[in-house]
Amino acid sequence: MNVIEHGRGKPPLDPHLKALENEAIHIFREVAAEFERPVMLYSIGKDSSVLLHLALKAFHPGKLPFPLVHIDTGWKFPEMIAFRDQVVAKHGLDLISHTNPDGLRDNVTPFSHGSARYTDIMKTQALKQALDMGRYDAAFGGARRDEEASRAKERIYSFRTPDHAWDPRNQRPELWSLYNGMIHPGESVRAFPLSNWTEVDIWRYIQAEQIELVPLYFAKRRKIVERDGMLIWAEDKRLELLPGEQVREEMVRFRTLGCFPLTGAVRSEATDLDEVIAELEIATVSERQGRAIDRDQSGSMEKKKREGYF
Amino acid sequence: MSSQTLSHAAETIDSGDDAPLTDAQAAAAGRQARPLRFITCGSVDDGKSTLIGRLLWDTKAVKEDQAATLRRDSTGKQNELGLPDFALLLDGLQAEREQGITIDVAYRYFATDRRSFIVADTPGHVQYTRNMATGASTADLAVLLVDARAGILEQTRRHATIAALMGIRQFVLAVNKIDLAQYDEARFRAISRDFKEIALSLGVRQVTAIPVSALKGENIVLRGDEAMPWYDGPTLVEVLEKATQRTGQTTGFRLPVQRVSRPGEGFRGYQGTVAGGSIKPGDSVVVLPSGVEANVKAIVTYDLVRNAAVNGDAITLVLDRPVDVARGDMIAAIDQRPQTGRAFNARLVALSPDGVVPGKRYWLKAGARRQRVMVRPTSALDLSTGKWDDATFLPVNGIGVVELDFEDTAIFDSYETNRETGAFILIDPETLNTVAGGMIEGKRTKSGRFDALPDSDRASITLPARLLEAFLKTEFARAHAGEIRVTAPEEAGGE
C-alpha cells in the first residue's frame with residue numbers, strides 16, 4: 001500500500017517528526033475529551049506556536065474546543081503582542097489575556113522587585129489567578145523534558161493540587177500512552193504534548209510545517225545593552241541604564257522569548273530558518289542559558305514548579 | 001503487515017521485527033525512523049548514571065552551560081579523569097541530589113547522525129520495580145548493566161524478568177567497569193553466557209553483550225580497541241542505532257475512538273490514533289461493542305485527505321453511513337476483530353502502596369475506554385526464583401496474574417499481539433491514583449482458561465491434570481500463554 005499525501009505544497013514529514021506530531025495530537029484529543037474545562041497556555045514563543053499548530057491539526061475540521069490564556073506581564077516585547085493579535089485574528093481564536101492586578105497596582109517590575117519575586121507575582125501568581133477565574137481543570141503547556149533537569153521527571157499529565165502545587169515525589173505513574181485524567185473537584189492537570197520534543201525537533205517542525213514565528217527569533221540589528229553577562233534588548237524607555245552601561249547596535253536574535261528585561265539575546269547572523277537550524281546544530285550552550293529566572297538559585301525551576309509555575 | 005510506504009519509512013524499518021538493521025539500512029535511516037526508546041536497568045553501584053552521562057556527553061547532548069553548572073555542583077566529586085559527576089546531570093530533583101539516589105523515571109534525549117533516542121532512566125532498587133515497569137512500558141530495548149567484577153546478580157535477573165514481562169524483546173548487556181576487571185576476556189565471556197541463558201529462559205533471543213567502561217568511555221560511543229583488542233563486536237551506540245522498533249502489532253486495523261468531531265451539520269468524524277494495522281477508503285470496518293458494520297468513506301487530516309493511514313497515525317475517520325459511535329468504542333477491521341467479552345485474564349504490576357485488593361471495583365482505562373472492573377489476583381511472580389505462586393493479593397511492586405470481571409463489554413487484544421490494545425491501567429475509585437499497569441493475556445472462557453489466538457493457530461499440549469496446574473505456573477507457560485493450548489486428557493482419572 002502506498003500512502004500518498006497531497007499536501008499544501010509541503011513534502012511529508014519525516015517519520016521522526018511524524019511520530020512526535022502523532023503523539024501530541026493524541027494528547028490534545030485525550031485531554032479535550034476527558035476534561036470539562038481545558039485551556040491552552042499561549043506564550044507566543046516558538047514552542048507555543050508549535051503547540052497551537054498541533055492543536056489546530058488535532059481538532060480539524062472543527063475549531064479549537066478550548067480558549068487560549070496569555071499571561072501578559074506588561075514587559076513582553078511589543079513584537080510579541082503584535083504577533084499574538086495577528087495569530088488570534090487569523091485562526092479566529094478565543095484568547096484571554098490576563099495581567100495580575102495586584103502586581104499592576106503595586107507597580108511590580110523586574111527592576112524594583114528582582115527577577116525571582118517579579119516572576120512569582122507577575123507570572124506564577126497571575127497564572128494561578130487566570131486558571132482559577134476560568135475554573136479550568138486542564139491546562140496545556142509547551143514545556144519539554146529536555147529543557148531542564150526537573151522537567152525531565154515531569155509527566156505528560158502533570159497532576160496539580162487545588163493550590164496548583166506540583167509534588168515531584170508523588171507523581172502518578174504513566175505507562176504506555178494511557179493517561180489518567182481522573183481528578184477530584186478543584187484539582188487540575190497540566191498537560192504537555194511536547195514532552196518528548198527537543199529544541200532541534202521544534203525548529204525542524206517549524207521548518208517542515210512552515211509555521212510563522214515572532215521575528216525576534218531571527219537575527220537583525222537591534223539595540224542592546226550588556227548586563228550581568230546577558231545581552232538585554234534596549235529599545236524600551238523603561239529600561240534604565242546603569243552607570244557605565246552603553247547601548248550598542250548589534251546583529252542579535254533570541255533563542256527563547258519572555259519578558260525583555262530577563263531574556264538574553266545571542267549574537268547571530270542567522271536571519272532565516274535554515275540559518276537558525278544550522279547555528280543550532282553546532283550550538284554549545286542550551287537555550288535556557290538566556291533565561292535569568294533559571295539561574296536565581298540552585299534547583300530554581302523545580303522550586304517554581306512546586307509553587308505552580310509551568 | 002508488509003507495507004511499503006512512501007511517507008512512512010519507519011514502517012519499512014519496523015517490518016523486520018527480529019533482524020537488526022544492516023549498516024546501510026541504519027545509515028539510510030537517519031532521521032527516517034521514529035526515535036528509539038530504551039530503558040537502562042542497573043543499580044547505582046553498577047555505574048548506570050555514569051553510563052547515561054557518558055552517552056549524553058560523548059554524543060554532545062550536554063551543552064556548555066549545563067556542563068558549567070555540573071562542574072560547579074560537582075566540586076570535589078570529579079572523577080580521576082577530571083570529568084564531572086554525571087549523576088548530577090541526571091538526578092534532577094533536589095531530594096535526589098541530597099540523597100544521592102534516583103527516585104523517579106527521567107527521560108533523556110540524544111541523537112547521533114543516524115538516529116535519535118529517548119532513554120527512560122529508572123531507579124534500580126527493588127522497591128522501584130514500578131518505576132522500571134513504567135519506563136519499560138514504552139521501550140523497544142533494554143540495556144542491562146552489570147559490574148564486571150560482580151557478574152550477574154539476583155537484581156539483574158529481576159530487571160530482565162520485568163523487561164521481558166513488559167514486552168521488551170531486545171536486550172543489551174553492558175558489562176561495565178571492565179577496566180577494573182583487568183579487561184579480562186574470559187570474565188566477559190562467562191558473564192555473557194550466564195546472561196544469555198537467563199534471556200533465553202525469558203523468551204528473549206536478541207541479546208548483545210558488550211564489555212564497557214562507562215567512566216573511560218570505552219565501547220559506549222567510542223571504541224575501546226586499545227584496551228580490548230580481543231573485542232570486535234559493536235559499541236553500545238552502534239547496537240542502539242541498529243535496533244529495531246518493536247511494533248508488537250500483528251492484529252488488524254484498530255482505532256480506539258477518542259472523540260467524535262461534529263463541527264457542523266453534515267460532518268461526523270471519529271478521531272483517534274491508529275493502534276494496529278492500516279486502513280484505506282472503501283475498507284469494511286466494525287464498530288465495537290455494538291457490532292454495527294460500515295465502510296470507510298474518507299480519512300481526514302489537517303493537511304489533506306489521505307488515501308491510507310497506518311499504525312501510529314492520528315486521524316479522523318469518516319464512515320459511509322450514519323452509525324452510533326461514542327468515545328471509548330473501537331473501530332476495527334471487519335475480518336480481524338479484537339476479543340470482546342466480560343471476563344479476561346491479565347498480568348498486572350501493582351504500582352500503589354496499597355497494592356491491588358481482591359474484590360475491589362476499580363476503574364480500568366484501555367485506549368479511550370474507561371469502565372468498572374473487579375480484579376481477582378490468582379498468582380504472583382516471585383522475582384528471585386522466577387516462579388509463579390498462588391496469591392490472592394498483590395502488594396506494591398508485586399507482579400501477578402489476575403482475573404478481570406467487567407460489568408459491561410470490554411474490548412482487547414492480547415498484549416502479545418498488540419501492545420496498544422492489550423494494555424490498561426487501573427485507577428483507584430477513591431484516590432483516583434493510577435494503582436496498576438496491566439497486560440491482557442486473553443479472554444477467559446468458562447473453563448477458566450483464556451484464548452489469545454484461535455485454537456486452530458495454537459500448538460496443542462495434553463497433560464495429565466496433576467501436571468497441568470504445575471505447568472501453567474511456569475514462566476514458559478506464561479510467556480507462551482497465547483500460543484499454546486493446554487488440555488487435560490478427556491476422561492482423565494480423579495482430581
Side-chain angles (χ1 to χ4, degrees), chain A residues 1-8 10 12-22 25-26 29-30 32-33 56-63 145-146 148-153 168-169 171-178 180 182-184 195-196 198 200 283-286 288-289 298-299 302-303, chain B residues 3 5-10 31-35 63-66 92-95 103-109 116 118 130 133-134 137-138 258-259 261 263 267 271 273 278 280 300-304 306-308 310 312-314 327 351 363 365-366 368 419 423-425 427 432-434 437:
Chain A
M1 175 190 28
N2 292 328
V3 178
I4 299 166
E5 300 202 340
H6 309 278
R8 298 176 176 169
K10 333 174 276 216
L13 286 174
D14 71 51
H16 172 89
L17 290 178
K18 187 76 191 164
L20 293 172
E21 179 188 79
N22 281 329
I25 290 176
H26 181 83
R29 290 171 171 174
E30 199 60 15
L56 292 169
K57 281 196 163 190
F59 301 106
H60 175 84
K63 280 187 170 298
R145 287 176 179 151
D146 84 322
E148 198 270 337
S150 68
R151 288 230 201 265
K153 309 247 163 176
R169 301 195 66 176
Q171 300 194 77
R172 288 178 174 178
E174 215 160 64
L175 293 89
W176 299 287
S177 49
L178 294 172
N180 176 359
M182 299 186 80
I183 53 170
H184 292 111
S195 288
N196 287 319
T198 63
V200 175
T284 55
V285 294
S286 83
R288 295 210 72 92
Q289 194 240 5
S298 170
E302 180 184 346
K303 184 169 177 293
Chain B
S3 68
T5 60
L6 290 178
S7 62
H8 287 75
R31 295 179 67 85
Q32 295 307 306
R34 285 186 285 123
K63 300 298 186 189
E64 269 173 19
D65 55 323
Q66 294 166 331
L93 303 177
Q94 276 180 346
I103 294 170
D104 206 341
V105 188
Y107 296 89
R108 316 283 166 200
Y109 305 82
S116 64
I118 303 177
R130 57 191 187 136
T134 301
S137 70
T138 51
Q258 288 183 281
R259 62 192 295 274
S261 169
F267 185 90
Q271 302 189 316
T273 305
S278 60
K280 60 184 191 306
V300 178
T301 66
Y302 181 76
D303 303 279
L304 39 103
R306 297 172 59 152
N307 73 344
V310 297
D313 286 343
R327 170 174 167 82
L351 308 168
W363 283 109
K365 187 178 178 189
R419 230 172 158 181
F424 63 87
I425 56 172
I427 299 167
L432 304 184
N433 280 331
T434 308

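If you're wondering where the values come from, they're calculated on a predicted model, not measured in any experiment. Letters go in sequence order (proteins before strands), and every chain restarts at 1.
- Contact count against chain B (heavy-atom pairs under 4.5 Å) is highest for Pro61(A) among Ala19(A), Gly62(A), Pro61(A), Ala58(A).
- Of the two parts of Arg29(A), the backbone and the side chain both hold a non-hydrogen atom closer than 4.5 Å to a non-hydrogen atom of chain B.
- Considering every non-hydrogen atom in both Thr301(B) and Arg306(B), the closest pair reads CG2-CD, 3.5 Å.
- Chain A forms the most heavy-atom pairs under 4.5 Å with one residue out of Ser137(B), Pro263(B), Pro35(B), and that residue is Ser137(B).
- The candidate from Glu21(A), His184(A), Glu174(A) with the greatest count of non-hydrogen atom pairs under 4.5 Å with chain B is His184(A).
- Both the backbone and the side chain of Leu56(A) come within contact range of chain B, judged by heavy atoms closer than 4.5 Å.
- In this structure, the portions of Ile425(B) lying under 4.5 Å from any heavy atom of chain A include both its backbone and its side chain.
- Comparing Ala368(B), Ser261(B), Ala423(B), Ala133(B) by how many heavy-atom pairs each has under 4.5 Å with chain A, the most go to Ala423(B).
- With a 4.5 Å cut-off on non-hydrogen atoms, Phe267(B) touches chain A through its side chain but not through its backbone.
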Taking it one step at a time, do Val300(B) and His60(A) satisfy side chain to side chain contact (heavy atoms under 4.5 Å, CB included)?
CA-CA 8 Å; Val300(B) 178; His60(A) 175 84; 3.9 Å; yes
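- Of all non-hydrogen atoms in Lys365(B) and Glu30(A), the two that sit nearest each other are NZ-OE2, 2.8 Å.
- Scanning all heavy atoms of the two residues, the minimum distance from Trp176(A) to Phe424(B) falls at CZ3-O, 3.5 Å.
- The two residues Lys153(A) and Arg108(B) come nearest to each other via the heavy atoms CE-NH2, 4.3 Å.
- Pairing each heavy atom of Lys18(A) with each of Asp313(B), the nearest pair is CE-OD1, 4.1 Å.
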